[in-house]
Amino acid sequence: MHSPADDPSRQSAIALETAPGSPFSPPPDPMAALRRENERLRAENEQLRRSNQQLRQDDWQRRFYHISAELMCIADPSGRFLVVNDAFEKVLGYAKGELLARPFIDFVHPDDREATLREAARALAGTGSGLFRNRYRTKTGEYRWLSWLSDTDPESGNVYAVARDVTEAHTTAARLKSISESIPGAVYQFALGPDEAIGYFPYISPGILELYGLKPEDIATSQQAMFDAVHEDDMAILQASTERSRVDLSEWRCHYRIVTPAGETKWVQGRARPERLEDGTVVWEGILLDVTDLRRTKTQLHERERRLSWLFEQSPMAAIEWDLDLRVKTWNAAAVKTFGFSASEAIGRHATELMWPTGSEGVEVLTDLGQATLGTLLERRVTGENRTRAGRRIQCSWFHRTLVDDEGQPVSILSKAWDVTEQKAAEEELRRYRHAVESSSHAIGMTDGQGRHCYQNEAFTKLYGYETPEEFNAAGGIPAIFDNPAIARDVLDTLGRGETWMGEVRHRDRDGKVLEILLRADPIFDDEDQVIGYMGLNADITNLKETQRQLQAAKAKAEKSLRQLQRTQAQLIQNEKMSSLGQLVAGIAHEINNPASFIGGNLSHAQNYIRDLLEVVDTYMAHCPEPTGAIADIHEDIDVDFIRQDVPELLGSMRTGVQRIQTIVNSLKTFARLDEAEVKEVDLHESIESTLTVLSSRWQPTDGRAAIAIERSYGFEGEVECFAGDLNQVFAHLITNAIDAIEERLGKVGGPPGCIEISTAPAISGGVQIAIADNGAGIPEEAREALYDPFFTTKAIGRGTGLGLSMAYQTVVDKHGGRLHHEDRPGGGTIAIIEIPLRLGDRVPLAIAS
């Protein structure tokens, strides 16, 4: 900028005009020269003022240009930045010089370059959309999503562009991608900036192809096709719903039509939830669904509504449909019958003009009906007083239901009502009995015909803790107080059949305490023998039952102590008896063994002596073949030849007898085992055989019966650690009982000869099992429970002490950790089964033993 006074041409003209003697010089006029100079100065000042104003305006624009958060730039037609603002440096990290030094396409993501060049060409040609998105590389190597708005100067061809960083919106869209593939319809993300009129789709799932006929990648670069597909009649609806959701961030819902590129018209239902980002951009994440088929079913729904209308009219219950102003829309035949108003009289009239008298008990029903108009979905029954057209007052039970449209908005209310006047009368009759039962010391409760608790006396409240019937019903009513649901069902089923139920039950009070109750429940009938309610009489016997249980527990404890005392006594008796018997057996065995050994030891000497004597006789006879006198008489009397023949047989019989005596003595020692350790490993078969030997006199033949057969089946091999002497006693008791049972059966009914089967086998528990079976009389049914009790016996007086099985049980179970039980033998008789472990300290598992 410069002033006019500095212009050389202007200076020359002034010189010519003022030069002395010039033909152009006017007459000298000092004032004129001064005016001209003032004019010149004013012109220069005006020019200077305008220059300063332009400088201030340029500075103002420059400041806003550089402080803007948006990325602003100017690019020439060759694709190079001419100007970039400070936001480019903040977002991309490059210095301005770095951005101006290279074509802008070098910074674009390789996958976006083709679309970017295409959009740039369209912008230069003046056919661009004005809105475009691509990815720019930052100086750190990352990429940021930028949304561009541009305008082209037609004279210079320069492109003026503004960009916004929308990376955050794209990041949000990535969250939808992982789930969108499995969802029907199209899942999308739509972003709308605070100054944008159209917005864009950061993400849309592949389902949009089937729904709209558009590819996701086409929509990602140019979303206009999405809005072009909307039916022209529905565009205003779509825009209005979007704007409403953007302003108040309410959920977006909209039904609208689209026309696909193939010309097909579809109905679309859209739903989305908005979120406002820090920069003011609103992002919706939602779903678009094809509801064309749903719309096509409207004809079927109308037909269904027609059928429902028929059912509505034919319902035996009064059914009324109200509009939101509580005016009658529909009035069925049952409503005509119940209230007396015809449909023409009722339709269009307000609820308070029909069946509700002023100040009646129907206020609660009207209150519920009013709430239903507000969209409250009421599903409860409430009873109130109504009047008929003739003025008669009746009691009706009401049920209201709000009917809503597809958007969940209430459109009308459906009410059902039924006359319960007679039922209420029955309830009133029940209440008349209240005074009669109120003073009863027993808890008395009454129900209506539906089993709802409607009355309880003071004793009932005190016993169960419920202050009112309503509180009792709220807690679950009658079924809830029963400790056993099965008994509750039985009681209610019995009452439902019109029968009385009596018995002891367990109830729970309000705090969960268990009560023992003696219950009598009776149905209440009307004049037509129909059940209209129930009455229960509850007597608290908790203390009585507790006393009984204490007595029973004391009795059981006493019986247990008695049994223990009996077992101890029996054990002492048995121990003393076995000790004495063992000493006696050992003494007898010793006394028998001495002479038997003496006899057995001298038999060989006697045999030698006899042989020597016979040899002397034979020698004498050889030398004196003809004896005379006394010798001849003796020879004739003693019959030497017979003695010679009989003596060997006599000695052999004596030897056999001695051996038999020794066998019995050994069996007695084995049976008594007084000379052995109390606990040792023994051969069970040896113990069984020694027991059979000791008891041989019992199973051998007698004058009254044949011998009892003994059958053996030994399948167990090895030895068992046990109390050998005690176990022998067990075998002796069981075999003796078997012999007694056989003799009892033979003495009463006869039958086949007696037989005892003894078997051993490995047990599944890992121990050994010994079974002793007989074909005797068996065990009486009444004796089975006390079979192992001390001093219990079924034998005649003098034949048994009742200690045998008791001691056997203690020996097997307590001392050996085993099991002893008796079973019936197929074909008659009994099987005694012993099962003991192989080692003391082990026990037969209960599950296996059972």
Report the relative orientation of the aromatic rings in Tyr136 and Phe81; use parallel for angles under 30°, tilted for 30 to 60°, perpendicular for over 60°.
tilted
Would you name the heavy atoms of Met72 and Val162 that are closest together and state the gap between them?
CG-CG2, 4.2 Å
Shortest non-hydrogen contact from Ala346 toward Val328
O-CB, 3.3 Å
Is there a donor-acceptor pair closer than 3.5 Å between any side-chain N or O of Thr421 and the backbone N or O of Gln395?
yes
Here the gap from Arg271 atom CZ to Leu288 atom CG, rounded to the nearest 0.5 Å, amounts to 12.5 Å
So does Glu232 have more than 12 non-hydrogen atoms from other groups sitting under 6.0 Å from CD?
no
Can you list everything that forms a side chain to side chain donor-acceptor pair (under 3.5 Å) with Glu243? Sequence neighbours excluded, please.
Arg246
Report, as yes or no, whether the 6.0 Å neighbourhood of atom CZ on Arg327 holds more than 12 heavy atoms from other residues, nucleotides or ligands.
yes
Interatomic distance, Leu146 atom CG to Leu92 atom CG [nearest 0.5 angstrom]
6.0 Å
Please round to the nearest 0.5 Å and tell me the distance separating atom CD1 of Ile258 and atom OG1 of Thr265.
9.0 Å
Minimum heavy-atom separation for Arg389 and Gly340, please, with both atom names.
CD-O, 3.1 Å
Specify the closest pair of heavy atoms between Arg257 and Asp234, including all atoms of both residues, with the distance to one decimal.
N-OD2, 2.7 Å
Give me the ring orientation class for Phe190 and Phe201: parallel if the planes are under 30° apart, tilted from 30 to 60°, perpendicular past 60°.
tilted
Leu294 vs Trp267, test: side-chain contact (heavy atoms from CB on, under 4.5 Å). Steps then yes/no.
CA-CA 9 Å; Leu294 182 61; Trp267 277 96; over 6 Å; no
Atom CG of Asp112 and atom CG of Leu117: how far apart are they, to the nearest 0.5 Å?
11.0 Å
Crowding at CZ, Arg273 (>12 non-hydrogen neighbours, <6.0 Å)
no
Indicate yes or no for a side-chain donor-acceptor contact from Trp331 to the backbone of Phe341 under 3.5 Å, with no hydrogens or angles considered.
yes
Tell me whether Asn473 contacts the main-chain N or O of Gly476 through its side chain, where contact means a donor paired with an acceptor under 3.5 Å.
no
Donor-acceptor pair, side chain of Arg137 and main chain of Asp106, under 3.5 angstrom:
yes
I need the minimum non-hydrogen distance between Ile204 and Met226, along with the two atoms involved.
CD1-CE, 4.0 Å
Only counting residues at least two apart or in another chain, list the ones meeting side chain to side chain donor-acceptor pair (under 3.5 Å) with Ser412.
Glu321
Nearest-0.5 Å distance, NZ of residue Lys424 to CG of residue Asp448
8.5 Å
Does Arg144 use its side chain to pair, donor to acceptor, with the backbone of Thr167 at less than 3.5 Å?
no
Using modelled atom types only, decide if a donor and an acceptor are shared between the side chain of Lys266 and the backbone of Leu211 within a distance under 3.5 Å.
yes
Would Arg80 and Leu100 count as a side-chain contact (heavy atoms from CB on, under 4.5 Å) if you check the C-alpha gap in whole Å, the side-chain angles of each, and the deciding distance to 0.1 Å?
CA-CA 7 Å; Arg80 288 183 177 271; Leu100 300 178; over 6 Å; no
Asn158 side chain vs Ile74 backbone, donor-acceptor pair below 3.5 Å
no
Run the side-chain contact (heavy atoms from CB on, under 4.5 Å) test on Gln189 and Val283 for me, step by step, so that the C-alpha distance in whole Å, both residues' side-chain angles and the decisive distance to 0.1 Å come before the verdict.
CA-CA 7 Å; Gln189 186 184 65; Val283 179; 3.3 Å; yes
Using the six-membered ring wherever Trp is involved, compare the ring planes of Phe339 and Trp398 and label them parallel, tilted or perpendicular (cut-offs 30° and 60°).
parallel
Does atom CD (Glu210) have a neighbourhood of more than 12 heavy atoms from anything else shown, all under 6.0 Å?
no
Verify, without hydrogens or angle tests, whether Ser241 (side chain) and Ile237 (backbone) share a donor-acceptor contact under 3.5 angstrom.
yes
Between Leu99 and Val84, what is the shortest heavy-atom contact and its length?
CD1-CG2, 4.1 Å
What do the steps show when you test Trp322 against Ser415 for side-chain hydrogen bond (donor to acceptor under 3.5 Å, both in side chains), and what is the final call?
CA-CA 8 Å; Trp322 317 82; Ser415 297; 3.0 Å; yes
Thr281 and Val166: CA distance, side-chain angles, deciding distance, side-chain contact (heavy atoms from CB on, under 4.5 Å) verdict
CA-CA 9 Å; Thr281 300; Val166 293; 5.9 Å; no
Please answer whether the main-chain N or O of Gly157 pairs with a side-chain N or O of Thr152 as donor and acceptor at a distance below 3.5 Å.
no
Nearest-0.5 Å distance, OG1 of residue Thr402 to CG of residue Leu324
9.0 Å
Can you tell me if CD on Glu142 sees more than 12 non-hydrogen neighbours from other groups inside 6.0 Å?
no
Measuring only between side-chain heavy atoms, which start at C-beta, is Glu119 closer than 4.5 Å to Asn134?
no
With a cut-off of 6.0 Å (strictly less than), are more than 12 heavy atoms of other residues, nucleotides or ligands near CD of Glu251?
yes
Whether the side chain of Tyr188 engages the backbone of Tyr203 through a donor-acceptor N/O pair (distance < 3.5 Å, no angle test) should be reported.
no
